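First the proteins, then the strands, lettered A, B, ... as listed; each starts at 1. Since the structure is predicted, the reported quantities are computational estimates derived from the model, not experimental observations.
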There are 2 protein chains.
Amino acid sequence: MVTIYDVASRAGVSAATVSRVLNGKKVREPYGELVRAAAEELGYQPSRTARSLRLQHADVIALIIPDIENPFFTSLARGVQDRAREDGYAVVLCNTDDDPVREREYFDLAVAEHMAGALLAPASSTSDVSPLLKAGRAVVAIDRHVDQDLDTVIMDNHRAALDATTVLVERGFRRIACITGPEDVETASQRADGWRAATLTAGRDPAGLLEHGDFRMDSGREAMRAQLDGADPPDAVVVGNSLMAVGALQAMASRGMTPPDFGMAVFGDLAFAPIVPAGIVIIETPARELGSAAASLLLARIKGAEGASRTVVVETKIRA
Amino acid sequence: MVTIYDVASRAGVSAATVSRVLNGKKVREPYGELVRAAAEELGYQPSRTARSLRLQHADVIALIIPDIENPFFTSLARGVQDRAREDGYAVVLCNTDDDPVREREYFDLAVAEHMAGALLAPASSTSDVSPLLKAGRAVVAIDRHVDQDLDTVIMDNHRAALDATTVLVERGFRRIACITGPEDVETASQRADGWRAATLTAGRDPAGLLEHGDFRMDSGREAMRAQLDGADPPDAVVVGNSLMAVGALQAMASRGMTPPDFGMAVFGDLAFAPIVPAGIVIIETPARELGSAAASLLLARIKGAEGASRTVVVETKIRA
DNA sequence: CTGAAAGCGCTTACAG
DNA sequence: CTGAAAGCGCTTACAG
């Protein structure tokens, strides 16, 4: 491995001068030129490890997410990575499978690796990030709040669900059901609340039209089936994410129903669907923006931004 | 930050002894107990940065892929991560967007961070991994070969395409087209070759039935359109990945065709499709297995495995 | 077996 | 402005 001393002796200067040149501090010519030439010729790569140890701070951030195979989180990761790269930070992807134990292991890893900070899409609102906070690392919550005072980046789930439901009302649907996520998940209940508000505003009764799934495909199918087989079935549905929407469409299809005759609004797109029935209202979940906004907040904190925790709300768009 | 010296003084021993205990070397009791208790009480997390600098070796591997938003690569990443975690290695995800410049930057990063090795799904067969090799880092190629002597993990694209095509022949389809990836991509041409071999074995003429796309949705649609609008259109098609298959299905649908009447075989599943027409032959691409096999090879090399480069071929399965 | 000490490759306060 | 030296937190060859 070529070290800073190799460059120094080749350029005929001290290691301190090499360090200064390579970190953009002013030096007298021709030292700058000599150092740059020597570094180039030797193919010098400064050791980020040594640098991190010295500075007690690595240009690395952790992105801790529940499920790397969920397209929402991969887009989010994409947004984080692009933003981090701009500032020269590397991103370590940590997959928790919604397991609090694994989440905790990654907190410890982030500390042990001297990572500058962590972005957390929490497995649960009770996730305890104090190991990170105690070690002085910046933390930003994404998509959901945690029970601690943290910078947070979310979308306006209530508003989006309300608007999408209103579009269905305006299209003349009479009984609009809602399939959302687990009761104890913030984003799920916000979406249900938005749907309920729009329903009440339209003078309809939401009773019996709300289903809780688990954001996976099968639960969407089950929930839709339950609604369709009920005594007074709906003529439209608002679905809390795209995987459950896929399941719901399957349940509809097995009963010969399909949009646009049956109304539908969905959080997230159906990008990988070969055949998307027309007339589905898409609530675009801005996963990439969520990621890049969170990364921006985190990087600002890392660079020393002070002040109370902020919550950034990223815009959703309705494509109808 | 609590250091090894804090633990040492609390336990009344030297830092060397703490290090030995925590690294599983034998020490006389009650030192072991004292050290473990002190570490526990202080919530000691050894600095992986200091350790890496000292050992010239970090328990971190880079996973360098062209596109994190492609489900094939996310499944692969999942496989890598699970396998790496077993051995206590962290995975840094590096997204190249098929850009050789970014790929090269990540090679340098891997060296600068003292990473133990890299897993590379190469942007091109001309990717030059010598910066890694020169620095003594282990490298394994995934999905495609590179023009260097490297451990490689691939699937048997030729065999899989041949078998899938044969299933279509047995189902009575007469003119079976093939939509594969770019001509200069190894996996794409292997798939085309398998299709061609099966076609010839069945006594059919493959002329005019091969299309090259770019593994994205639009190119699948275009290619299918071109075939369907030709003078002598096919009655079946083998498609080189799932995104192009989605496009192909769209083109078929716009002409009122759909499986199972129109024959179809696809590399990769259609997991996110709400409505998958019946009778599609699925060639299961074992992305997770590819990832875990590659990680295993890499970890073995990191631990010092010697010998000539190996190529591991992961099994594909046909679901018909 | 245990401890004192050196050294991994950087950065920066300090002296000149 | 530049250089010598200390120190970040570990591990391990060496001496005892």
Side-chain angles (χ1 to χ4, degrees), chain A residues 1-36 38-39 42-60 88 108-116 135-137, chain B residues 1-36 38-39 42-60 88 108-116 135-137:
Chain A
M1 171 153 220
V2 18
T3 75
I4 197 168
Y5 292 101
D6 300 321
V7 179
S9 65
R10 177 155 193 141
V13 299
S14 72
T17 298
V18 176
S19 175
R20 292 192 184 105
V21 172
L22 269 24
N23 287 298
K25 310 241 194 319
K26 285 257 169 287
V27 300
R28 212 172 270 160
E29 288 309 333
Y31 292 147
E33 267 321 302
L34 287 170
V35 167
R36 269 182 286 271
L42 296 172
Y44 172 61
Q45 293 291 332
S47 162
R48 288 172 63 116
T49 304
R51 185 166 205 276
S52 299
L53 179 60
R54 175 60 228 232
L55 299 181
Q56 296 287 76
H57 170 293
D59 291 351
V60 175
D108 292 339
L109 177 71
V111 173
E113 292 268 14
H114 287 294
M115 293 186 198
R137 311 311 159 85
Chain B
M1 172 154 220
V2 18
T3 75
I4 197 167
Y5 292 102
D6 300 321
V7 178
S9 64
R10 178 155 191 141
V13 299
S14 72
T17 299
V18 175
S19 174
R20 291 190 185 108
V21 171
L22 268 25
N23 287 299
K25 310 241 195 317
K26 285 257 169 290
V27 301
R28 212 171 269 162
E29 288 309 333
Y31 292 147
E33 267 320 302
L34 288 170
V35 167
R36 268 181 287 271
L42 296 173
Y44 173 60
Q45 292 291 332
S47 163
R48 287 173 61 118
T49 304
R51 184 165 206 276
S52 299
L53 179 60
R54 175 60 229 232
L55 299 181
Q56 297 286 77
H57 170 293
D59 290 351
V60 176
D108 291 340
L109 177 71
V111 172
E113 293 269 14
H114 288 294
M115 293 186 198
R137 310 312 159 85

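- Heavy atoms of B:Tyr31 sit under 4.0 angstrom from primed sugar atoms or phosphate atoms, though from no base atom.
- The stretch residues 10-23 of chain A touches DNA chain C through A:Ala16, A:Ser19, A:Arg20, A:Asn23, each having a heavy atom within less than 4.0 Å of the strand.
- Sequence neighbours left out, the pairs with a member in residues 6-17 of chain A that pass salt bridge (charged side-chain N to carboxylate O under 4.0 Å, His left out) are A:Arg10-A:Glu41.
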Annotated structure of DNA chain C as dot-bracket, pair cut-off 3.5 Å, Watson-Crick or G-U only, | for inter-strand, is |||.||||||||.|||

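- Applying the side-chain hydrogen bond (donor to acceptor under 3.5 Å, both in side chains) criterion to B:Ser47, with sequence neighbours excluded, gives A:His114.
- To the nearest 0.5 Å, the span separating CD on B:Gln56 from OG1 on A:Thr49 amounts to 8.0 Å.
- Here B:Leu42 contributes atom CG and B:Ile4 contributes atom CD1; the two are 12.0 Å apart, rounded to the nearest 0.5 Å.
- Considering every non-hydrogen atom in both A:Tyr44 and A:Thr3, the closest pair reads CE1-C, 3.5 Å.
- With values rounded to the nearest 0.5 angstrom, B:Arg51 atom CZ is found 14.0 Å from A:Leu53 atom CG.
- With C1' as the reference atom, D:dG16 and D:dT12 are 16 Å apart, rounded to whole Å.
- Mapped onto DNA chain C by nearest heavy atom, A:Leu55 and B:Lys26 fall at different nucleotides, with B:Lys26 at the one closer to the 5' end.
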For residues 28-35 of chain B, run the donor-acceptor check on the side chains, cut-off 3.5 Å, and write out each pair with its distance to 0.1 Å, sequence neighbours left out.
residue, atom, partner, partner atom, Å
B:Glu29, OE1, B:Gly32, N, 3.4
B:Glu29, OE1, B:Glu33, N, 3.1

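- Applying the salt bridge (Lys or Arg N to Asp or Glu O under 4.0 Å) test to A:Arg48 and every residue at least two apart in sequence or in another chain returns B:Glu113.
- Mapping heavy-atom proximity under 4.0 Å, the span of DNA chain C touched by chain B runs 5' to 3' from C:dC1 to C:dG9.
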Donor-acceptor contacts under 3.5 Å from residues 15-22 of chain B side chains, at least two apart:
residue, atom, partner, partner atom, Å
B:Thr17, OG1, B:Ser14, OG, 3.4
B:Ser19, OG, B:Asn23, ND2, 3.4

